[in-house]
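Single-structure report; data block below.
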Amino acid sequence: MINISLPDGSVRSFDKPVSGADIAASIGPGLAKAALALRVDGKMKDLSHVVDHDAKIGIVTSRDSEALELLRHDAAHVLAQAVQELYPGTQITFGPATEDGFYYDFVREQPFSPDDFAKIEQRMAEIVDRDLPITREIWDRAKIKDYFKQHGESFKAQWVDELPKDEVISVYKQGDWLDMCLGPHLPSTGKLGKAFKLTKVSGAYWRGDANNAQLQRVYGTVFFSDKELKAYLHRIEEAEKRDHRKLGREMALFHQQEDSAGMVYWHPKGWTFWRTLEGYLRRKLEAGGYVEVKTPQLNDRRLWEKSGHWENFRENMYLSENEEGLKEYVADPARRMFALKPMNCPCHIQIFNQGLRSYRELPLRMAEMGSCHRFEPSGALHGILRVRNFTQDDAHIFCSEDQIEVETIRFCKLLGDVYRDLGFEYFVKFADRPPVRIGSDAIWDQAEGALKSASKAAGLDLILNPGEGAFYGPKLEFVLRDAIGRDWQCGTLQVDFMLPERLGASYVAEDGSRKVPVMLHRAIFGSFERMIGILIEHHAGRFPLWLAPTQAVVATIVNDADSYANEVASQLRAAGMRVDTDLRNEKINYKVREHSLAHVPLILAVGRRDIEGKTVAVRRLGSEKQEVLELGAAVTNLSEEARPPF
RNA sequence: GCUGCCGUAGCUCAGUGGUAGAGCACUCCCUUGGUAAGGGAGAGGUCGACAGUUCAAUCCUGUCCGGCAGCACCA
């Protein structure tokens, strides 16, 4: 007798082992039809899975959240089958479900192109129409390896050898087609439905390693209904409208050009935005007990050798030398060679090293809006979010070991305040020692331990990010989530027991001895470029008033109002606002449209009536209402409203 | 860096083996209009760069540069 307990608490008894399909059928014909998979003691199984012991089970239907992953994995298989039917000789490799769809990696001489999608999708639809039962079989290693070899599937055959020896190998068959796969899967290809769409092709590496063969990855997405698919495609379109590269150009914030790839030309409005953000942060830093410094762009290579960057980071550094020096360098590699700084830390230690430091000066919080250059791979560049020259809101806190905890707490508070002011939610990852690093394991143990306990004291929930620490120390990564749910790593806090020692930093301790300070590297924005790009996309260009580069435009209705408009603008400017005037010979409709499209938060229209009554007609971005205010009140209220949060 | 796609006016894009077009933007003129495009005229391009094929290349081929998507990278 087998007792099956269902999610509603009821128990059904069967006198022999039963499949998921049998259980669903025993509950009702509707459920039998809707059933997609089975959950046995919390684990997803095929609907055909036979339950032979007392268990808690659930019937998975399209209403379960896990069902979508199942659907997507199936879509990947159907894609692969369609591709192999259409393009014989194409090899299959892997094809998992992803967060918003699925992909399958193929090996084929000829590249796939988006032009092939219609044909492949059509074949996929045919396979769905065939409603092929999807069945699971257990094969032994030799059999499956032979099968793949015979079918010219060398990648799959190779993979068989790499599976753990004790692993049971299952294959999933649909019609003549099969793939080696852990499952589970839907009961038949018909259950996939047709709310799928292929979205893009790209290269990908075999097993994710750039040293391996490059495969062709075909991406797609699938949902249970056309409605959901359409909604998804609509979301993608909406995200494209927020693209900071597009908005940056439209709003005249910045541009980038070919002869300085990965760098940014900031235009007046973009630079105004930058300075507003920088001013806000600077006030926060000052209030937080930081001092600010500025250090050289170019340093002798010997500094980078001492710091370890020359050895660990040179691939990403821009080297520089004048012609004379270059000749000498070629002749004698021991010659001086300069490098643009990729980080500010070694420079900050140079400042720390000037004069004798006392424990009384610690913690010393040294900040710099530090412009750094890093030679990023060309394929990594992305607008202003990933650039080769960026400005870090960097700071290094020189402290004693027992100050780490307090300083971590202080920093987390500061970062939290800033993210809250900017309207971001965030979470925190803990990145521990990377494979390539400096320093002994004992020191890493110490640094990781210190950062962990300080995080705990700061009340952080940490997600482990193994092997992703900096080469000199472990780090916290603060990841913020924007308005449309995308994650961006921005803030960081890194504990460093190495660099101060390497670069000879020390202070006189209370007992008169010399000690090496610990250094905390920390940033809130990470880089201004990146943060500004994120803010543009987060707000879709409709910045909060305090951040908007142009906070208000005073637009005239008739030219007679020109001098009054100038008067209104100058009063607002005197009250600290950023204001433009629009005195052009255009209709007010035209001006309203243009400034609305430019995302100006406030449009103040002035005409003859306003001159007489000393008023302005205020229109707010996103609203069609007009509010006629007396000029003095408008200046007071709007300038108050436009004040930064700190 | 790798794979694929792309590069024509400020922007969005059409087009052709015989040196190019549209809409918007821009300039000028008319219009002075109370909240999302008033009308007219004009100007604007070494068709990403360099080679090659050809009588002739923006178009075909190659190399390079840059962009886009994904992969890899992001200390």
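As the structure is a prediction and not an experimental result, all values here were calculated from the model.
- Atom name C1', nucleotides B:C55 and B:C47: the rounded distance is 22 Å, in whole Å.
- As rounded to the nearest Å, B:A51 and B:G67 have C1' atoms that lie 23 Å from one another.
- Contact annotation: A:S378 side-chain N/O to B:G1 OP1/OP2 distance is under 4.0 Å.
- Spacing between B:A22 and B:A56 at atom C1', rounded to whole Å, works out to 28 Å.
- Nucleotides B:C6 and B:C64 are separated by 16 Å at their C1' atoms, to the nearest Å.
- Between A:Y87 and A:F112, a ring centre-to-centre spacing shorter than 6.0 Å is recorded.
- The distance between the ring centers of A:F94 and A:W159 falls below 6.0 angstrom.
- Residue A:D259 is out of contact with every strand shown, counting any heavy-atom pair closer than 4.0 Å.
- Taking atom NZ of residue A:K591 and atom C1' of nucleotide B:G38, one finds them 14 Å apart after rounding to whole Å.
- Residue A:A210 has its side chain nearest to B:A72 when only B:U35, B:A72, B:C71 are considered.
- The side-chain heavy atoms of A:K230 and A:H234, taken from C-beta on, include no pair separated by under 4.5 Å.
- The gap from the P atom of B:U19 to that of B:C13 amounts to 27 Å, rounded to the nearest Å.
- Note on A:R619: every side-chain N or O is 4.0 Å or more away from OP1 and OP2 of B:G34.
- Of the candidate nucleotides B:C71, B:U35, B:C65, B:C71 has the atom nearest to the side chain of A:R217.
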Could you walk me through whether A:D209 and A:R207 pass the salt bridge (charged side-chain N to carboxylate O under 4.0 Å, His left out) check?
-> CA-CA 6 Å; A:D209 185 335; A:R207 309 199 56 196; over 6 Å; no
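- With salt bridges taken as basic N to acidic carboxylate O contacts below 4.0 Å, one links A:E250 and A:K246.
- Under the 6.0 Å distance and 45° angle rule, A:R72 counts as a cation-pi partner of A:F223.
- Listed pair A:Y590 / B:C24 fails the phosphate criterion, with no side-chain N or O lying under 4.0 Å from OP1 or OP2.
- Between B:A69 and A:H382, a contact under 4.0 Å exists linking OP1 or OP2 to a side-chain N or O.
- Closest to the A:P377 side chain, of the nucleotides B:G38, B:G34, B:A72, is B:A72.
- When the C1' atom is used for both B:G34 and B:A25, the distance is 26 Å, rounded to whole Å.
- The side chain of A:R608 places an N or O atom within less than 4.0 Å of a non-bridging phosphate oxygen (OP1 or OP2) of B:G33.
- Nearest to the side-chain atoms of A:L597 among the listed nucleotides B:C74, B:G33, B:A36 stands B:A36.
- Across all strands, A:N211 comes closer than 4.0 Å to no nucleic acid atom at all (heavy-atom distances).
- A:T295 and A:E368 share a donor-acceptor pair across their side chains, judged by distance under 3.5 Å alone.
- Comparing A:V616 and A:K200, the nucleotide of RNA chain B nearest to each residue sits closer to the 5' end for A:V616.
- Looking at heavy-atom distances under 4.0 Å, A:Y219 makes contact with sugar-phosphate atoms alone, never a base.
- At a threshold of 4.0 angstrom between heavy atoms, the contacts of A:L215 with the nucleic acid are absent.
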So what does the secondary structure string of RNA chain B come out as, 5' to 3', with Watson-Crick or wobble pairs under 3.5 angstrom, [ ] for crossing and | for pairs with another strand?
-> (((((((..((((....[..)))).(((((.......))))).....(((((..]....))))))))))))....
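- Among the heavy atoms of the strands, none lies under 4.0 Å from A:A555.
- With B:G70, B:G4, B:U35 as the candidates, the nucleotide lying closest to the side chain of A:P111 is B:G4.
- Residues A:F352 and A:H396 place their aromatic rings such that the two centres sit no closer than 6.0 Å.
- Listed by residue number, A:R245, A:R249 are the residues of residues 245-252 of chain A with a heavy-atom contact under 4.0 Å to RNA chain B.
- Here B:A72 is the nucleotide among B:G4, B:A72, B:G70 with the atom lying nearest to any side-chain atom of A:A380.
- Distances were taken from every side-chain heavy atom of A:R593 (C-beta onward) to each of B:A36, B:G4, B:G66; the shortest belongs to B:A36.
- Comparing the same atom, P, in B:C59 and in B:C50 gives a spacing of 12 Å after rounding to whole Å.
- Put simply, the side chain of A:E69 never gets that close to the backbone of A:A97: no donor and acceptor are under 3.5 Å apart.
- Using a cut-off of 4.0 Å between Lys/Arg side-chain N and Asp/Glu carboxylate O, A:D445 and A:R433 are scored as salt-bridged.
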